[in-house]
Visitor: 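Mind having a look at this structure? Questions to follow.
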Amino acid sequence: MKRSAANTGVKSVNLALQGGGAHGAFTWGVLDRLVEDESLTVEGISATSAGAMNGAVFTYGYTVGGRNGAKRALEEFWRRVSQIGKVMQLEDSGWHKEWQNYWRSYMRMFQPVFEIMGRMTYLVSPYEFNPLNINPLKDVLEESIDFKLLRRADCPLKLFLSATNVRTGKIKVFEREELSAEAVMASACLPMLFQAVEIDGEHYWDGGYMGNPALYPLIYNCESRDIIIVHINPLERRELPKAAFEILNRMNEISFNSSLMREMRAIGFITKLIDDGVVTGEALHRMFIHSISADEITTKLGVTSTFNADWQFLCGLRDHGRRFADTWITANRDRLGKESTVDIRQIYL
């Protein structure tokens, strides 16, 4: 795939996909637009949380149906996600009765008080309010993806999913032979909402704490030097948060961006060494960093919108993602393989 890309002038890129709940529909739009452009091809994807879901679905769709298959798989996945939000109104939907009862209880607990949800989740753990550990997103993933295909050696894309090991506090990157619905759920496991996901005797929480997303798997395992980061969590907020819930939300945003900031500092340091001629040859690779950011959209949305699975809301975010990606492609396609299109020092350092 990489050789044919080089021979035909197609530019190979890697994708780094952040998490952000329902805001991941923005990433859906970005992927939907990028895969339409036949001058671009994706070599590797590193992803976390909702980004892990997008990355796994995209990889599966591409594996079974190429570019159009990836587009179809993403739309089908997000349509299934939207059905979760309707379960309260679907008395005869066929959903498991225990899940319906749990969802109603969950919504009764949180719907009227979403703005103090952060405080509530410190008082009531998911082991208490969801003792059956029911999570319909796992069913959606298993309906959307045949994970056996992702584990095959001939899978056309390299996929890396990040989770946080609860015991060690270290990042865990699930690679090809480890990909499963459980691995995706581990990457997306918010510890105050869901019980830790157990895989091979270890327990995992959301990957955002240690890699949102991790860039080093792409640097070490892919030939392409270009990484397009799809930002969901706002890096910057101009207004000072004053309400308790606003403060907690900003604390979470900073926490979930911190690992990426550290990696970008390292990349900036290596880039300076190369530019200053301190290192030469093939010892270190120059990376070209690019960004498609949802900040303009997500800073205007409340944190509760990350739980909004309404189809119109998801499609609106998708359309924003497509528009932002289209603008980025027009402005930056010719710069791929030559230079970064973001100022690493200004944005990340």
Visitor: Let's go through M287 and T271 carefully: what are the C-alpha distance in whole Å and the side-chain angles of both, what is the deciding distance for side chain to side chain contact (heavy atoms under 4.5 Å, CB included) to 0.1 Å, and is it a yes or a no?
Guide: CA-CA 8 Å; M287 301 303 300; T271 300; 5.8 Å; no
Visitor: Is there a side-chain contact between L15 and L34, using heavy atoms and a 4.5 Å cut-off?
Guide: yes
Visitor: At their closest point, which heavy atom of P213 faces which heavy atom of A16, and how far apart are they?
Guide: CG-CB, 3.4 Å
Visitor: Between V184 and V64, is there a shared hydrophobic cluster once you connect ILVMFWY residues whose side-chain heavy atoms come closer than 4.5 Å?
Guide: yes
Visitor: Where do G51 and L17 come nearest, in terms of heavy atoms and distance?
Guide: O-CD1, 3.7 Å
Visitor: A quick test of your reading: do over 12 heavy atoms of other residues, nucleotides or ligands sit less than 6.0 Å from CH2 of W205?
Guide: no
Visitor: Please report the interatomic distance CZ(R67) to OH(Y62), rounded to the nearest 0.5 Å.
Guide: 5.0 Å
Visitor: Does S340 use its side chain to pair, donor to acceptor, with the backbone of I289 at less than 3.5 Å?
Guide: yes
Visitor: Would you say the rings of F174 and Y204 are close, in the sense that their centroids are separated by under 6.0 Å?
Guide: yes
Visitor: Would a distance-only check, ignoring hydrogens and angles, find a side-chain to backbone donor-acceptor pair under 3.5 Å from N165 to K170?
Guide: no
Visitor: Any non-hydrogen side-chain atom of I45 less than 4.5 Å from a side-chain atom of F58?
Guide: yes
Visitor: Rounded at 0.5 Å granularity, tell me how far NE2 in H290 sits from CG in N332.
Guide: 7.5 Å
Visitor: Side chains of I219 and I267: does their closest heavy-atom pair fall under 4.5 Å?
Guide: yes
Visitor: With a 4.5 Å cut-off on side-chain heavy atoms, are D226 and K11 touching?
Guide: no
Visitor: To the nearest 0.5 angstrom, please state how far the CE atom of M264 sits from the CD1 atom of I344.
Guide: 4.0 Å
Visitor: Under 4.0 Å between a Lys/Arg side-chain N and an Asp/Glu carboxylate O for E36 and K71?
Guide: yes
Visitor: Calculate, to the nearest 0.5 Å, the distance between atoms CD and OG1 belonging to Q18 and T298 respectively.
Guide: 9.5 Å
Visitor: R79 and W311: side chain to side chain contact (heavy atoms under 4.5 Å, CB included), yes or no, with the steps?
Guide: CA-CA 7 Å; R79 193 176 291 277; W311 179 242; 3.2 Å; yes
Visitor: First locate atom CZ of R318, then atom CZ of R33, and finally report the distance between them rounded to the nearest 0.5 Å.
Guide: 14.0 Å
Visitor: Applying side chain to side chain contact (heavy atoms under 4.5 Å, CB included) to N54 and L74, what does each step give before you reach the verdict?
Guide: CA-CA 7 Å; N54 275 316; L74 283 167; 3.7 Å; yes
Visitor: Any chain of hydrophobic side-chain contacts (each under 4.5 Å) joining I254 to M210?
Guide: no
Visitor: Are any of the side-chain heavy atoms of S144 and E76 separated by less than 4.5 Å?
Guide: no
Visitor: Check this for me: R152, atom CZ, are more than 12 non-hydrogen atoms of other residues, nucleotides or ligands nearer than 6.0 Å?
Guide: no
Visitor: What is the minimum heavy-atom distance between E43 and S224, and which atoms define it?
Guide: OE1-N, 2.8 Å
Visitor: Are side-chain heavy atoms of L193 and P126 found at a separation under 4.5 Å?
Guide: no
Visitor: Is it the case that more than 12 heavy atoms not belonging to Q312 sit under 6.0 Å from its CD atom?
Guide: no
Visitor: Does D200, at its CG atom, have more than 12 non-hydrogen atoms belonging to other residues, nucleotides or ligands within less than 6.0 Å?
Guide: no
Visitor: In this structure, are over 12 heavy atoms from other groups packed under 6.0 Å from Y127 atom OH?
Guide: yes
Visitor: Quick one: closest heavy-atom pair of T164 and G207, and the distance?
Guide: OG1-CA, 3.8 Å
Visitor: What distance do L215 atom CG and I227 atom CD1 have between them, rounded to the nearest 0.5 Å?
Guide: 5.0 Å
Visitor: Locate the shortest heavy-atom distance separating S291 from V342; write the atom from each residue and the value.
Guide: CB-CG1, 3.5 Å
Visitor: Locate the shortest heavy-atom distance separating A22 from L314; write the atom from each residue and the value.
Guide: O-CD2, 3.8 Å
Visitor: Which residue pairs satisfy the side chain to side chain donor-acceptor pair (under 3.5 Å) criterion with at least one member in residues 228-242, sequence neighbours excluded?
Guide: H231-Y348, R237-E253
Visitor: Do R345 and D343 meet the salt-bridge criterion of a basic N to acidic O distance under 4.0 Å?
Guide: no
